[in-house]
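Accompanying notes for the structure given below.
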Amino acid sequence: MKGYEFLDKLMFIDDDLIEAANEEKRKYHFKRKILYAFITVTAACFFLLIGTFSLFLSKEKEHKIQQWADSFCAEDYFKYNDIYSDNNIDSSTTEQKSIDTDYPSPYEETRFFSERKTLEEKQIIPIMEKQKEFICSANYLSDGSLYSLIFTWDCREDNNYSSLSVTCGYQEPEMPVCDTFEVDENGIIIEPNTTITERDNIQIIAKGNKNRTKTLTFQNKYGFYQIEGSWNDSYEDMVILLDWFWEHPINFQYFPIEKGDNYTYVNFSEYPDAFSGYLPNIAKLGYETEQKNESVTLKNGEPCSFDGNYISPDLPGFSFHITREPDYYEQLESIGDIKNLTLKKITNAMKEKNCIRFTWDQYFISIYINSDGTPELVWNIIKSIQMSKNAIKP
């Protein structure tokens with residue numbers, strides 16, 4: 001091959017290669033432009049979707065902050081709290097579960113102000129006729145300053161159960177970790193909705209709903225308040241307390257630590273003469289006496305109740321409780337004074353439950369017998385007290 005022919009051939013090949021390379025380059029740039037366009041459109045759609053979703057959430061959140069009006073009814077405070085509607089969950093397939101929580105107490109000491117009638121007369125608390133039981137506990141820091149107050153109203157009737165409470169303080173107290181939660185049929189936790197109502201420029205936060213634990217929380221210039229109701233308490237029950245404390249803010253200075261009742265619990269061995277003559281003769285009855293199973297409750301340093309649990313290798317076990325402060329429901333179950341008790345009365349009472357309650361002087365006594373116990377055994381325990389010749393009445 002001549003030189004010029006070789007050069008022509010070489011130049012021809014170079015032109016082909018260059019053209020092929022250019023074609024590949026054009027294809028590459030075209031594909032890259034398509035890819036960039038796809039990414040750009042996708043990103044735009046994504047951010048548009050996020051923006052729309054965020055706008056929806058913001059509108060939804062804004063929608064759930066409602067303004068209070070004079071026409072408000074109790075259910076309005078919980079307007080958006082149907083925990084199933086947003087999740088399309090059938091309430092019949094859900095259940096509540098609990099977990100044990102263990103956390104250090106943020107306060108040092110607790111005192112009690114449970115003179116209900118006095119607190120009602122001073123208009124510190126409302127009159128709650130349905131709830132027969134009431135407790136007011138006050139918690140204090142190590143320097144004696146008030147940390148929180150807890151008012152509790154209870155009704156323990158089978159068809160009319162209620163448990164309402166108000167926790168309050170100068171500032172929001174540290175609340176226990178929520179130990180009850182709702183799960184669906186797959187065990188997945190259902191997050192309850194919240195309704196926020198603005199009333200007189202104060203936000204009232206409602207959580208929970210019908211047939212479940214529910215709360216109403218707010219904080220104003222007077223302090224922090226959280227109202228809690230049980231599964232069987234209605235919205236109306238909750239709002240009665242809300243309206244009361246809205247109009248009657250707590251005077252926390254009414255609850256100094258030195259005026260509260262102080263309850264402590266000690267072993268019976270430290271107060272062996274407490275309730276002398278009013279306790280059964282355990283050894284004579286054939287039961288074992290173990291000091292660790294006998295305790296005394298002191299109210300401001302004075303014995304106010306006794307608890308004993310007794311066992312025997314041959315007889316059904318029983319518990320003996322004596323107190324100066326029976327609650328409302330214990331008093332309802334009393335079958336009379338010890339002087340008027342008979343085996344027949346005890347037998348009739350034990351048809352309902354394995355517990356007998358009666359009075360003796362200034363004391364209220366309860367005897368709990370194991371399921372295999374008999375009225376005759378309870379009668380023997382009572383007679384052992386009646387026959388005590390060395391009773392030293394305090």
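Throughout, residue positions are numbered sequentially from 1 according to the sequence presented.
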Is the [X]-[Y] ring centre distance short of 6.0 angstrom?
X      : Y      : answer
Phe112 : Tyr263 : yes
Tyr140 : Tyr147 : no
Tyr170 : Phe252 : yes
Trp246 : Phe218 : yes

Is the Phe113 ring parallel, tilted or perpendicular to the Phe255 ring (thresholds 30°, 60°)?
perpendicular
Parallel, tilted or perpendicular: which fits the ring planes of Tyr310 and Phe318, with parallel below 30° and perpendicular above 60°?
tilted
Atom [atom1] of [X]: over 12 foreign heavy atoms under 6.0 Å:
X      : atom1 : value
Gln331 : CD    : yes
Glu129 : CD    : no
Glu121 : CD    : yes

Just by distance, do the side chain of [X] and the backbone of [Y] share a donor-acceptor pair under 3.5 Å?
X      : Y      : value
Tyr222 : His248 : no
Ser312 : Gly286 : yes
Ser145 : Leu141 : no
Asn370 : Asp372 : no
Asn300 : Asn262 : yes
Glu247 : Trp244 : no
Asn348 : Lys351 : no
Glu198 : Ile65  : no
Tyr225 : Ile250 : yes
Lys132 : Trp153 : no

Would Ile335 end up clustered with Ile382 when hydrophobic side chains under 4.5 Å apart are linked, directly or stepwise?
yes
Can a donor-acceptor pair be found between the side chains of [X] and [Y] at a distance below 3.5 Å?
X      : Y      : result
Tyr363 : Arg324 : yes
Asn281 : Ser384 : no
Ser165 : Glu228 : no
Ser295 : Asp307 : no

Looking at every non-hydrogen atom in both residues, tell me the closest pair between [X] and [Y] and how far apart they are.
X      : Y      : answer
Asn232 : Asn160 : ND2-C, 4.0 Å
Leu164 : Gly229 : CD2-CA, 3.8 Å
Pro375 : Thr347 : CB-OG1, 3.4 Å
Tyr161 : Ser230 : CE2-OG, 3.7 Å
Pro326 : Phe364 : CB-CG, 3.6 Å
Phe78  : Gly208 : CD2-O, 3.5 Å

In sequence, state the C-alpha distance, the side-chain angles, and the governing distance for Arg116 and Met128, and then conclude on side chain to side chain contact (heavy atoms under 4.5 Å, CB included).
CA-CA 10 Å; Arg116 181 174 187 171; Met128 307 285 285; 3.9 Å; yes
So [Y] and [X], do their side chains get closer than 4.5 Å, heavy atoms only?
X      : Y      : answer
Ser163 : Gln131 : no
Ile240 : Tyr235 : no
Asp237 : Ser234 : yes
Val296 : Ser305 : no
Thr359 : Ile338 : no
Lys130 : Ser162 : yes
Ile381 : Ile356 : no
Tyr254 : Lys122 : yes

Of Tyr265, Tyr278, Phe268, Tyr271, the one forming a ring pair (Phe, Tyr, Trp, His ring centres under 6.0 Å) with Phe306 is Phe268
Determine whether Arg111 and Glu258 satisfy the following criterion, salt bridge (Lys or Arg N to Asp or Glu O under 4.0 Å), listing intermediate values before the conclusion.
CA-CA 9 Å; Arg111 297 291 177 94; Glu258 63 272 10; over 6 Å; no
Atom pairs and distances, donor-acceptor, side-chain atoms in residues 68-76, under 3.5 Å, two or more places apart:
from: Trp68; atom 1: NE1; to: Tyr77; atom 2: OH; distance (Å): 3.0
from: Glu75; atom 1: OE2; to: Lys210; atom 2: NZ; distance (Å): 2.9
from: Asp76; atom 1: OD2; to: Cys73; atom 2: N; distance (Å): 3.0

To the nearest 0.5 Å, how far apart are CG in Leu285 and CG in Leu315?
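Answer for the CG-CG pair, Leu285 versus Leu315, is 8.5 Å.
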Just verifying a value: how many Å separate Leu332 CG and Asp327 CG, rounded to the nearest 0.5 Å?
9.0 Å
Could you check Arg357 against Ser334 for side-chain hydrogen bond (donor to acceptor under 3.5 Å, both in side chains), going step by step and ending with a plain yes or no?
CA-CA 5 Å; Arg357 305 188 195 275; Ser334 173; over 6 Å; no
Could you walk me through whether Thr197 and Gln66 satisfy the side-chain hydrogen bond (donor to acceptor under 3.5 Å, both in side chains) test, starting with their C-alpha distance in whole Å, then the side-chain angles of each, then the deciding distance to 0.1 Å, before giving a yes or no?
CA-CA 5 Å; Thr197 302; Gln66 57 181 350; 3.1 Å; yes
